[in-house]
Amino acid sequence: MGQKVHPYSFRLGYIKDWKSRWYTNKKDYPRFLKEDVEIRRHIKKAITGGAISSIEIERASNRIRIFIHTARPGVIIGRRGSEIERLKEDLQNITQNEIFIEIKEIKSAACDAQLIAENIAFQLEKRIPFRRAMKKAVQNAMNQGLGGIKLMVSGRLDGSEIARKEKYKRGKIPLQTIRANVDYGFIEAHTTYGLIGIKVWTYKGDIIKGLNDKKAEKSDGNDAQKGKVSQVPERKAKRDKF
């Protein structure tokens, strides 16, 4: 059953962090959880063309900080911040806490799994052949330097009477390696023949926890040793003067 594990939850606590970061008692937990679901649902519904990949929520005392990862920050912010202020007012009706919104730009949308899935879903709803949409997405992603990508669509493809699955894979997708930075995206395309499910896996390389810290410690130690060595000739020079 290893292949059935969600790639994001499988790496939580090691290279992935929780998308809702807060702690509370049993009494307020259901209310906070419901607010998080409604906030994410409202943002996705209110900003349809914003290319939103993920939404993270942090709570501290009576404040809620929302991080929106998007490939089109200008669409969410609007002219002189008008759109983001309107969004903040709408979210204020969901919760009584004070809301702060931060926009984080995604530089390469062709490498983000969720954005790739949404792009394919948009093309399928416009009646573009699914093979053309999938091949183009794979080619664009690999041109950006991805280690691997896998696409899977399932449903009544091209209006066939019997639902089936189609897969495309390029490169490698190490799903069982925890240090592998595997991104996952899923969406459903609403077509005239019914729903078509789209799943995307992308591999962006390995993240070795603590490797950068060890390198920094080694470099500091080497610098200190170099400093000691450089001090020895100075002392000898002073003794020779006397």
Output every pair passing salt bridge (Lys or Arg N to Asp or Glu O under 4.0 Å) with a member in residues 27-37, not counting sequence neighbours, ordered by first then second residue. Asp28-Arg31, Arg31-Glu35, Glu35-Arg59, Asp36-Arg59
In terms of hydrophobic clustering (I, L, V, M, F, W, Y; side-chain heavy atoms under 4.5 Å; direct or indirect links), are Ile39 and Phe67 co-clustered? no
Among residues two or more places apart or on two chains, list those pairs meeting side-chain hydrogen bond (donor to acceptor under 3.5 Å, both in side chains) that have a residue in residues 42-55. Lys44-Glu118, Ser53-Asp112
Could you check if a side-chain atom of Ile76 sits within less than 4.5 angstrom of a side-chain atom of Ile43, using non-hydrogen atoms only? no
side-chain hydrogen bond (donor to acceptor under 3.5 Å, both in side chains) partners of residues 96-108, not counting sequence neighbours, each pair once: Arg65-Glu102
Closest non-hydrogen atoms of Thr177 and Arg11, given as atom of the first, atom of the second and distance, are O-NH2, 3.0 Å
What's the separation between atom CG in Leu91 and atom CD1 in Ile101, rounded to the nearest 0.5 Å? 5.0 Å
Considering residues at least two apart in sequence or located in another chain, which fulfil the ring pair (Phe, Tyr, Trp, His ring centres under 6.0 Å) criterion with His190? none
Closest heavy-atom contact between Lys169 and Gly171? CE-O, 3.8 Å
Test of understanding: with side-chain hydrogen bond (donor to acceptor under 3.5 Å, both in side chains), list the residues that count as partners of Lys16, not counting sequence neighbours. Asn181
Testing the basics here: between Ala133 and Gln123, what is the closest heavy-atom pair and its distance to 0.1 Å? CB-OE1, 3.5 Å
At what distance, to the nearest 0.5 angstrom, does CD of Glu58 lie from CZ of Phe100? 12.5 Å
With Gln92, the side chain to side chain contact (heavy atoms under 4.5 Å, CB included) member among Leu87, Ile64, Ile99: Ile99
Should the heavy atoms of other residues, nucleotides or ligands under 6.0 Å from CZ of Arg156 be counted, would the total exceed 12? yes
If the threshold is 4.0 Å, N to carboxylate O, is there a salt bridge linking Glu83 and Arg86? yes
Provide the closest heavy-atom pair for Tyr184 versus Pro7 in the form atom of the first, atom of the second, distance. CB-CG, 3.9 Å
Surrounding OH of Tyr14 (heavy atoms of other residues, nucleotides or ligands, distance under 6.0 Å), is the total greater than 12? yes
Which residues end up grouped with Leu33 if you chain together Ile, Leu, Val, Met, Phe, Trp and Tyr wherever their side-chain heavy atoms are less than 4.5 Å apart? Trp22, Tyr29, Phe32
Return each pair, listed once, that meets side-chain hydrogen bond (donor to acceptor under 3.5 Å, both in side chains) where at least one residue sits in residues 135-144; pairs must be two or more places apart or across chains. none
Sorted by chain and residue number, the ring pair (Phe, Tyr, Trp, His ring centres under 6.0 Å) partners of Trp18 (sequence neighbours excluded) come out as none
Applying side chain to side chain contact (heavy atoms under 4.5 Å, CB included), name anything that partners Lys165, two or more places apart in sequence or on another chain. Met152, Ser154
Heavy-atom side-chain contact between Thr70 and Val75 under 4.5 Å: no
Considering non-hydrogen atoms only, spot the tightest contact between Thr202 and Cys111 and give its length. OG1-O, 3.7 Å
Taking side chain to side chain contact (heavy atoms under 4.5 Å, CB included) as the definition, give me every residue that meets it alongside Arg80, ordered by chain and number, with sequence neighbours left out. none
Minimal heavy-atom distance between Ala180 and Tyr203, with the atoms involved, is CB-CE1, 3.7 Å
Should Lys150 and Lys199 be marked as a side chain to side chain contact (heavy atoms under 4.5 Å, CB included) after you check the CA-CA gap, both sets of side-chain angles, and the distance that decides it? CA-CA 8 Å; Lys150 183 172 75 171; Lys199 296 180 180 180; over 6 Å; no
The reported gap from CG in Asp206 to CD1 in Ile178 (rounded to nearest 0.5 angstrom) is 12.0 Å
For Ser160, which residues count as a side-chain hydrogen bond (donor to acceptor under 3.5 Å, both in side chains) partner, sequence neighbours excluded? Arg164
Separation between OH of Tyr8 and CD1 of Ile15, rounded to the nearest 0.5 Å: 10.0 Å
Shared-cluster residues of Met134, by chain and number - hydrophobic side chains joined below 4.5 Å: Ile116, Ile120, Leu124, Phe130, Val138, Met142, Leu146, Ile149, Leu151, Val153, Leu157, Tyr168, Ile187, Ile196, Ile198, Val200
With rounding to the nearest 0.5 Å, note down the distance linking CD1 in Ile52 to CD1 in Ile106. 9.5 Å
State, yes or no, whether a side-chain contact exists between Glu38 and Thr95 at a heavy-atom distance under 4.5 Å. no
